Amino acid sequence: MEKKPIVLAVAGKGGVGKTSLAAVMVKLLVEAYPDKKILAIDADPAVGLSTALGVEPTLTLDDIRKEAVEAAENGDARATVEVLGEARYRIFDCMVEMDGFSFIAIGRPEAAGCYCKINTYLKEVISTIADNFDYIVIDGEAGIEQINRRVMEKVTHLLLVTDSSKKGCDVVKTIKGVADNLVMYDKVGVVVNRVPSEDVLKFMDLGDIPLLGWITADANLTERDLKGESVFYIPTTAPIVGGMHAVLRKLDII
Ligand SMILES: Nc1ncnc2c1ncn2[C@@H]1O[C@H](COP(=O)(O)OP(=O)(O)O)[C@@H](O)[C@H]1O
Ligand SMILES: [Mg+2]
């Protein structure tokens, strides 16, 4: 039987906690499944997942993509096809092996404005390497772009993250609308982060999107943030860990 990896991705407005929640998911998966192959992808050009996971990033996907483009432009004797084929192989050079998981980062494309080329490459990368893993967690860029560009096409579990703001909810509903057509997800839902109290939830309009869970403001996270330490140091009793554990249970992942 063909094995299909579980691909979890976070999406939502900037600053709502996507990177923090993605990092905590990696931590929970690593702890629950020490024998499974887990991959964390930092797909946000703003970068952040590496710090949250305590990874020292080295080579990024954008470095590799640039090398390939340069080789082709400099009229490298080899056929462009070969250079691109090599770029595929070089993907594995970007992978950092950590205790219990692998990590790869998209990097910061320098060409101002448009990330479309790196997004096309990222999509290719995800389909190339996906089958080598059991669980993949993608920390996406804020907003809708990567959904639109089908980078998230292979995502099986789409976690829409928002705070309790109307703007955050609007972004989540917009993303869901686009994802319904462009993402082949099995499950989708909202995680509300930094909720002042549970009462607030009933005033939030999330449309028809199921609520997967909610997380209060968590001082543990603030403290780790301050020190620049990874989420692996956050205690199991922390609201963000308990909250995400409940979300993963609800999705039948843990
Ligand atoms: N539940 C929470 N409690 C306290 N601080 C939080 C919480 N969730 C996120 N943060 C903090 O908010 C900031 C933005 O979070 P981040 O995960 O980087 O958001 P995003 O990736 O969506 O931009 C970070 O400093 C993070 O530590
Ligand atoms: Mg982020």
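These numbers were taken from a predicted model, which means no experiment stands behind them. Atoms within a ligand are numbered from 1 in the order they appear, just like the ligands themselves.
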Note down each nitrogen or oxygen pair, ligand 1 side and protein side, whose separation is under 3.5 Å; give only atom names and the distance to 0.1 Å.
from, atom 1, to, atom 2, distance (Å)
ligand 1, 1 (N), N193, OD1, 2.9
ligand 1, 1 (N), T216, O, 3.1
ligand 1, 3 (N), D218, N, 2.7
ligand 1, 5 (N), R194, NH2, 3.3
ligand 1, 8 (N), N193, ND2, 2.8
ligand 1, 12 (O), R194, NH1, 2.9
ligand 1, 17 (O), T19, N, 3.4
ligand 1, 17 (O), S20, N, 2.9
ligand 1, 17 (O), S20, OG, 2.6
ligand 1, 19 (O), G17, N, 3.0
ligand 1, 21 (O), T19, N, 2.9
ligand 1, 21 (O), T19, OG1, 2.8
ligand 1, 22 (O), G15, N, 3.4
ligand 1, 22 (O), V16, N, 3.2
ligand 1, 22 (O), G17, N, 3.0
ligand 1, 22 (O), K18, N, 2.8
ligand 1, 22 (O), K18, NZ, 2.8
ligand 1, 23 (O), G15, N, 2.8
ligand 1, 25 (O), D225, OD2, 2.4
ligand 1, 27 (O), D225, OD2, 2.6

Next on the checklist: With heavy-atom distances below 4.5 Å as the criterion, would you say the side chains of K176 and Y185 are in contact?
Outcome noted: yes

Item to check | Metal site the Mg ion (ligand 2): N/O/S of T19 inside 2.8 Å | outcome: yes

Checklist entry - Under 4.5 Å between any side-chain heavy atoms of V10 and M25, yes or no? => result yes

Next on the checklist: One pair to check against side chain to side chain contact (heavy atoms under 4.5 Å, CB included): L61 and L122. What are the steps and the verdict?
Outcome noted: CA-CA 8 Å; L61 289 175; L122 179 62; 3.7 Å; yes

Next on the checklist: Does any part of the side chain of L29, heavy atoms only, come nearer than 4.5 Å to the side chain of K36, both counted from C-beta?
Outcome noted: no

Checklist entry - Considering all heavy atoms of both residues, which atom of S230 and which atom of L53 are nearest to each other, and what is their separation? => result CB-C, 3.6 Å

Checklist outcome for this item: side-chain contact (heavy atoms from CB on, under 4.5 Å) test vs P239 passes for just one of V195, L221, N220, I234, namely N220

